[in-house]
Amino acid sequence: MTMQENRNHPGIPEFFAGKTVALTGATGFIGQLLIEKLLRSCPDIKGLILLIRSKKGKSITERLQKIIEPPIFDKLRKTRPEFASKLIPVSADIEKPGFALSDEDVQLILDEVNVFIHSAATTKFNEHLTLSYAVNTNGVHELLKLCRKIKNLHAFVHISTAFSFCDKSFIGEEVYPTGWDYDKLRTSMQRMSDEMVSDLTPDIVKDRPNTYTLTKAFGEEVLVKEGEGLPICIIRPSIIGSTYNEPIPGWCRSLNGPTGHFIAFAKGYARLLCARSDHYLDIIPADFVVNGIIAAAWKTALSGRSDQLLSKVSTTKYHASLPKNISREQLQLLGYTKEDESVSVQARRKSIPIYHIVTNPKYALTISRMASSMMHHFTRYPVDNALRLPENVIVISNKFLYRTCAFFLEYIPACMFDAGLILFGQKPKLLRVLRLLSSAMTALQFFLYNHWEWDEGSTLKLQREMSDRDQKEFNFSKDDFDLKLFIERYYMGTKRYVLKEDPLGYPAARRHLWRLRVLGWIFQFCVFMITWRILIPRSQLARNLWHLLTSFWSKFLRFTSISSNLSRFKMFH
Ligand SMILES: CCCCCCCCCCCCCCCC(=O)SCCNC(=O)CCNC(=O)[C@H](O)C(C)(C)COP(=O)(O)OP(=O)(O)OC[C@H]1O[C@@H](n2cnc3c(N)ncnc32)[C@H](O)[C@@H]1OP(=O)(O)O
Ligand SMILES: NC(=O)C1=CN([C@@H]2O[C@H](COP(=O)(O)OP(=O)(O)OC[C@H]3O[C@@H](n4cnc5c(N)ncnc54)[C@H](OP(=O)(O)O)[C@@H]3O)[C@@H](O)[C@H]2O)C=CC1
């Protein structure tokens with residue numbers, strides 16, 4: 001589809017008019033934003049079928065109410081108060097066969113759905129492989145079975161991650177082989193106990209940092225191997241931050257990604273970051289991701305099946321490297337395969353449209369610049385009740401040095417603080433927070449030490465193919481993107497929506513910071529005096545130094561009083 005041809009096609013809102021969209025992951029961060037954006041910017045959409053599971057004793061209707069509660073729906077509440085009537089919740093658990101959908105709900109989906117967006121995933125990095133596989137890999141397999149039966153499906157949008165192939169440093173628009181036969185692996189895991197799977201996980205995960213990225217990569221392979229004939233596309237966002245502009249700037253809601261660390265630094269819980277300071281942190285605004293997803297659905301629907309393009313694609317043979325600590329026989333039993341793939345599978349790896357929604361080094365900030373820009377916000381817009389004065393985030397790349405510094409600068413003060421809390425009859429908390437942070441830091445480490453670049457060809461082409469109006473309404477272009485402003489909004493959003501602090505509470509927070517600063521000076525002075533008083537009776541050198549200092553001090557005082565008397569004398573004469 002050339003740009004000119006495409007301009008004659010319906011625009012995005014026109015395409016969605018009268019269409020029904022099904023969405024998994026509706027309760028998630030991206031799912032919630034997608035619902036809002038589709039209802040706001042595609043007002044004639046017929047409806048949204050939301051696949052939700054009941055959780056923690058909450059029914060799906062109760063959970064739907066929670067989805068539309070946050071302030072991101074305020075605009076819609078004002079302009080289209082009846083918007084919720086377009087939302088149809090259906091009970092679906094991705095971990096279960098056929099999502100445990102009722103017959104009526106299956107029929108509703110088959111009859112009504114035109115666009116399917118698959119956003120559900122377990123995003124926890126350290127999830128048990130069996131559960132991660134069930135949701136992130138088998139979920140895709142179950143969904144494709146369902147989609148094949150849908151009467152009028154125009155597009156299936158699968159949300160993956162820019163890190164699904166993070167074992168490579170340049171990530172192209174293709175689904176690389178993981179080296180595993182995911183189906184055989186599933187069968188093997190079914191025969192094993194949870195402990196056995198846990199023991200083997202490091203060998204299975206191999207060059208990847210966690211089960212999340214591996215099972216997401218498998219999810220993409222499912223699309224390659226089982227999605228033939230369907231109008232599929234894949235979205236790969238990098239680290240999703242808060243919203244940049246819409247529906248409100250700075251919207252975020254969990255500690256995922258860097259948010260937890262922003263809070264820890266702002267509150268003064270932590271001061272150190274174990275990372276390569278010259279590396280880029282590829283954080284992308286959530287509204288760019290949502291707009292990219294909607295635009296990709298539109299484009300996929302207009303382009304048709306991805307395998308129509310098969311003939312144009314050349315094939316390459318891949319040779320994935322073998323895991324090291326496990327024998328070849330064991331590996332083959334588990335499902336590791338070196339078998340050659342059919343030409344059609346090889347071609348599909350490159351023919352499924354893939355959209356990288358990333359900042360890429362051209363627009364990203366290095367970790368050290370991000371840390372210093374954060375520092376500026378911490379003091380300008382302080383958080384309430386900071387524990388310690390937020391100071392410059394110290395980025396240390398050497399892991400041993402980091403641990404040593406963390407012991408002195410974070411753990412010892414935390415122990416002292418917790419001891420103080422216990423003394424005043426309160427529950428200790430700082431050590432627990434530091435332990436959580438350290439677990440998060442270990443989990444995120446891989447992303448702070450490695451460097452990636454992504455091919456953005458299809459994403460840029462997609463932008464060019466949108467009409468001027470749609471480019472504005474569904475913006476994900478970085479042309480006018482101000483990363484520093486985004487980081488500021490992200491931080492303010494963290495404060496307002498995650499910490500739930502009053503945006504007008506700065507004067508009190510600043511006064512609190514000032515008190516902390518004075519307390520810090522008093523503390524440093526006391527520590528100095530105590531150490532000194534201990535040293536003076538024991539060391540001649542300390543005594544000499546003390547005399548030197550006091551004599552300098554008295555000379556200085558005498559000099560200033562003489563010079564001020566002199567100047568007074570000059571004034572009067
Ligand atoms: C100045 C520059 C800064 C840069 C700063 C570095 C940022 C570098 C980002 C890289 C990010 C890559 C992102 C890839 C892009 C996707 O594709 S993935 C999608 C994003 N997914 C995530 O971010 C998930 C990350 N989180 C996890 O994997 C797990 O929660 C963790 C961190 C490993 C902890 O797992 P766990 O020990 O099993 O504990 P879990 O039950 O999950 O949580 C326990 C507690 O920790 C808290 N917690 C969870 N996450 C965090 C956190 N990040 N911090 C603090 N506490 C946390 C929870 O709220 C919970 O608190 P309580 O409710 O008990 O009070
Ligand atoms: N956030 C990020 O930084 C990035 C995210 N992504 C991808 O984007 C997508 C959306 O992420 P995000 O919204 O942030 O994730 P969230 O963790 O906020 O949401 C995950 C969603 O998946 C649902 N889900 C998980 N397990 C099941 C299950 N067994 N049955 C039904 N639903 C289930 C959750 O439902 P429930 O509320 O019931 O648990 C929730 O709605 C994911 O595919 C993720 O991999 C990619 C790159 C970065």
Side-chain angles (χ1 to χ4, degrees), residues 23-34 50-56 58 60 63 66-67 91-96 99-100 117-128 131-132 134-136 138-139 158-164 166 209-213 215-216 219 235-241 252-266 269-270 273-275 277 281-284 286 289-290 293 357-358 365-375 378 393 395 429 432-448 487 491 498:
L23 173 67
T24 66
T27 53
F29 178 49
I30 290 301
Q32 231 176 359
L33 285 165
L34 264 169
L50 310 177
L51 284 80
I52 308 175
R53 59 175 165 174
S54 42
K55 195 175 171 185
K56 294 183 182 159
K58 294 253 181 328
I60 58 165
R63 296 199 75 197
K66 280 264 167 238
I67 294 178
S91 177
D93 188 339
I94 311 269
E95 284 164 52
K96 306 226 167 97
F99 293 175
I117 303 179
H118 181 40
S119 180
T122 167
T123 53
K124 225 171 124 166
F125 293 156
N126 58 351
E127 194 68 85
H128 193 277
L131 179 62
S132 202
V135 181
N136 297 349
N138 205 49
H158 173 75
I159 308 175
S160 186
T161 160
F163 301 102
S164 49
C166 57
N210 50 45
T211 53
Y212 170 74
T213 51
T215 54
K216 288 296 271 189
I235 308 289
R236 289 185 184 156
S238 56
I239 302 166
I240 306 179
C252 52
R253 47 166 241 186
S254 76
L255 297 179
N256 272 2
T259 318
H261 278 80
F262 288 172
I263 294 175
F265 292 132
Y269 298 155
L273 186 69
C274 190
S277 59
L281 208 52
D282 201 289
I283 307 180
I284 188 87
V289 176
V290 165
I293 292 168
I357 314 279
V358 295
L365 281 181
T366 60
I367 290 175
S368 64
R369 288 193 62 199
M370 172 107 53
S372 63
S373 114
M374 271 292 154
M375 185 54 217
F378 296 157
V393 178
V395 185
K429 68 173 193 180
R432 180 181 169 271
V433 172
L434 280 184
R435 244 178 263 126
L436 285 180
L437 271 175
S438 145
S439 134
M441 185 80 89
T442 314
L444 304 177
Q445 197 94 115
F446 183 82
F447 302 93
L448 296 167
I487 295 295
Y491 168 69
V498 181

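Each residue takes its place number in the sequence, starting with 1. Everything quoted here is computed from the prediction, not taken from an experiment. Whatever order the structure lists ligands and atoms in, that order sets their numbers, starting from 1. These numbers come from the heavy atoms of this one structure, side chains and all, not from hydrogens, waters or symmetry mates.
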Please report which non-hydrogen protein atom sits nearest to [atom], along with the residue it belongs to and the distance in Å to one decimal place.
atom	value
atom 35 (O) of ligand 1	N126 ND2, 3.3 Å
atom 52 (C) of ligand 1	A440 CB, 3.6 Å
atom 65 (O) of ligand 1	R432 NH2, 3.2 Å

Original post:
Heavy-atom contact under 4.0 Å between L436 and ligand 1?
Top reply: yes
Original post:
For Q445, is the nearest heavy atom under 4.0 Å from an atom of ligand 1?
Top reply: no
When you pair each N or O of ligand 2 with protein N or O atoms, which pairs come out under 3.5 Å?
from	atom 1	to	atom 2	distance (Å)
ligand 2	3 (O)	I240	N	3.1
ligand 2	13 (O)	F29	N	3.1
ligand 2	13 (O)	I30	N	2.9
ligand 2	17 (O)	T123	OG1	3.1
ligand 2	18 (O)	F29	N	3.0
ligand 2	22 (O)	A121	N	3.2
ligand 2	22 (O)	A121	O	3.4
ligand 2	26 (N)	R53	NH2	3.3
ligand 2	29 (N)	R53	NH1	3.3
ligand 2	29 (N)	D93	OD1	3.0
ligand 2	29 (N)	E95	OE2	3.2
ligand 2	30 (N)	D93	OD1	3.4
ligand 2	30 (N)	I94	N	2.9
ligand 2	35 (O)	T27	OG1	3.1
ligand 2	37 (O)	T27	OG1	2.6
ligand 2	37 (O)	R63	NH2	2.6
ligand 2	38 (O)	R53	NE	2.8
ligand 2	38 (O)	R63	NH1	2.7
ligand 2	38 (O)	R63	NH2	3.4
ligand 2	39 (O)	R53	NH2	2.7
ligand 2	39 (O)	K55	NZ	2.8
ligand 2	41 (O)	G25	O	3.4
ligand 2	41 (O)	T27	N	3.4
ligand 2	41 (O)	T27	OG1	2.6
ligand 2	41 (O)	G28	N	2.9
ligand 2	43 (O)	S119	O	2.9
ligand 2	43 (O)	I159	O	3.4
ligand 2	43 (O)	K216	NZ	2.8
ligand 2	45 (O)	Y212	OH	2.6
ligand 2	45 (O)	K216	NZ	2.9

Nearest 0.5 Å, please: how far is [atom2] in [Y] from [atom1] in [X]?
X	Y	atom1	atom2	result
L436	L255	CG	CG	9.0 Å
R53	E95	CZ	CD	5.5 Å
T123	I240	OG1	CD1	9.5 Å
N138	I94	CG	CD1	10.5 Å
N256	K124	CG	NZ	10.5 Å
S164	N136	OG	CG	11.0 Å

Under 4.0 Å from ligand 1, counting heavy atoms only, is it the side chain of [X], its backbone, both or neither?
X	result
R236	neither
L448	side chain
L281	side chain

Identify, by atom number and element, the atoms of ligand 1 in contact range of [X], meaning under 4.0 Å from any of its heavy atoms.
X	value
A443	33 (C)
S439	34 (C), 37 (O)
H261	5 (C)
T123	19 (C), 21 (N), 22 (C), 24 (C)
F447	10 (C), 12 (C)

Subject >> Given L33, I357, I235, the one that forms side-chain contact (heavy atoms from CB on, under 4.5 Å) with V290 >> reply: L33
Original post:
Going through the checks in order, is the side-chain contact (heavy atoms from CB on, under 4.5 Å) test met by V393 and M375?
Top reply: CA-CA 7 Å; V393 178; M375 185 54 217; 5.6 Å; no
Subject >> Heavy atom of protein inside 4.0 Å of atom 43 (O) of ligand 1, strictly below >> reply: no
Original post:
Looking at atom 60 (C) of ligand 1, would you say a protein heavy atom lies below 4.0 Å from it?
Top reply: no
Tell me which one of [options] gets a heavy atom nearest to [atom].
atom	options	answer
atom 16 (C) of ligand 1	F446, Y212, F378	Y212
atom 47 (C) of ligand 1	L444, I284, L437, L255	L255
atom 25 (C) of ligand 1	F29, F265, F125	F125

Original post:
Is the number of heavy atoms from other residues, nucleotides or ligands within 6.0 Å of CZ (R63) greater than 12?
Top reply: yes
**OP:** Check whether any N or O atom of K124, backbone or side chain, sits under 3.5 Å from an N or O atom of ligand 1, and answer yes or no.
**Re:** yes
**OP:** Under the side-chain contact (heavy atoms from CB on, under 4.5 Å) rule, what do V358 and I284 come out as? Steps first, then yes or no, please.
**Re:** CA-CA 6 Å; V358 295; I284 188 87; 5.6 Å; no
Original post:
Would a distance-only check, ignoring hydrogens and angles, find a side-chain to backbone donor-acceptor pair under 3.5 Å from T24 to A120?
Top reply: yes
Subject >> Counterpart residues, side chain to side chain donor-acceptor pair (under 3.5 Å), relative to T27 (two or more places apart) >> reply: none
**OP:** Check the pair F125 / F447 against ring-ring contact (aromatic ring centres under 6.0 Å, His included), numbers first and verdict last.
**Re:** CA-CA 12 Å; F125 293 156; F447 302 93; 5.4 Å; yes
